[in-house]
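Predicted model only: the values in this text are computed from it and were never measured.
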Amino acid sequence: AGIRAVSERVKASLMERYGSRISEPSVIPAAVDATVPEPVRLPAHPAFTFVLIAVGRLEPEKRIEDILAALKLVVVHYPMVGLVVVGDGSERRRLERMARALGLAEHVLFLGKRSDARGLMRNAHAFIQASAYEGYGFTLIEAALAKLPIVTTDVGIVGEVFKGYEEALSVPVADPTALSLGIVGILEDTQVRLELPIRAEAAARAHLASVGDVPARIAADLARTLKK
């Protein structure tokens, strides 16, 4: 009787697949706390000084292996770059083995699931995501609020909230070389490194302001559905 989608991208995919067989979905985004927590110190990482941070479940669809492959390409020329991975999941052991096999053991820290992930973001230098798909993208909003430049695959709310190459560096899915070029772009271009997070934060805050009271919107949408 009613369908809720958390982004225009999800709504479009549903309409493309099912067309008139379904009710037109209501787009009501996920609720994200706009409060920015205090910074949390990252663990010591003497092998690198420029910190990329990835936050999320370590599952196949997150494609963390693409970030590791991209990092391998980057550290050849920029050995001061490292990666902090916050999150846990079924892929963790495989990814740890992959990091060692690629010679990145000194450049990657796996921190596991952390309740203070947003605080850790504030002590990183850039956020990176390589997901094959996202319905929404909590961590992109959180990274923008933490004032981090973002390198991400074109999924979820990319293009809807964050415009590629204006508020985030957006690359194709399953393309480690493109991810590596995004990282290098942030490293080499001071203007990008400084201006991208300013625009991303503004876009995130504008989005959250436009979303309004999410629970109230869901309740109203359910009430309309019940009347059908």
For this session: May I have the step-by-step check of salt bridge (charged side-chain N to carboxylate O under 4.0 Å, His left out) for Glu134 and Lys62, ending in yes or no?
Result: CA-CA 9 Å; Glu134 293 283 345; Lys62 300 299 182 180; 2.6 Å; yes
Exercise. Is there a salt bridge (charged side-chain N to carboxylate O under 4.0 Å, His left out) between Arg63 and Asp175 once you walk through the steps?
Worked result: CA-CA 10 Å; Arg63 299 195 64 88; Asp175 192 339; over 6 Å; no
For this session: Walk me through it: do Arg199 and Glu195 pass the test salt bridge (charged side-chain N to carboxylate O under 4.0 Å, His left out)?
Result: CA-CA 6 Å; Arg199 292 196 291 266; Glu195 292 185 2; 3.2 Å; yes
Problem set entry | salt bridge (charged side-chain N to carboxylate O under 4.0 Å, His left out) evaluation trace for Glu188 with Arg193 | CA-CA 8 Å; Glu188 293 188 346; Arg193 191 167 61 251; over 6 Å; no
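With respect to Arg57 and Glu91, no salt bridge is recorded, no charged nitrogen being found less than 4.0 Å from a carboxylate O. Between Glu201 and Lys147 a salt bridge is recorded (basic side-chain N to carboxylate O distance below 4.0 Å). The pair Lys11-Glu24 counts as a salt bridge, with a side-chain nitrogen and a carboxylate oxygen less than 4.0 angstrom apart. Between Asp116 and Arg41, no side-chain nitrogen of the basic residue sits less than 4.0 Å from a carboxylate oxygen of the acidic one, so the salt-bridge criterion is not met.
In the hydrophobic cluster analysis, where Ile, Leu, Val, Met, Phe, Trp and Tyr join through side-chain heavy atoms closer than 4.5 angstrom, Ile150 is grouped together with Val51. Tyr78 and Val84 are not part of a single hydrophobic cluster, where members link through side-chain heavy atoms under 4.5 Å apart.
Between the side chains of Ser131 and Glu61, no donor N or O sits under 3.5 Å from an acceptor N or O.
Remark: Glu106 CD is loosely packed, at most 12 non-hydrogen atoms of other residues, nucleotides or ligands lying under 6.0 Å away.
Ring geometry for His45 against Phe48 counts as parallel: the plane angle stays under 30°, on a 0 to 90° scale with 60° as the upper cut.
Each of Thr139, Leu58, Ile53 was scored for a side-chain contact (heavy atoms from CB on, under 4.5 Å) with Val86, with one residue passing: Ile53.
For Ser210, the side chain to side chain contact (heavy atoms under 4.5 Å, CB included) criterion is met by His207, not counting sequence neighbours.
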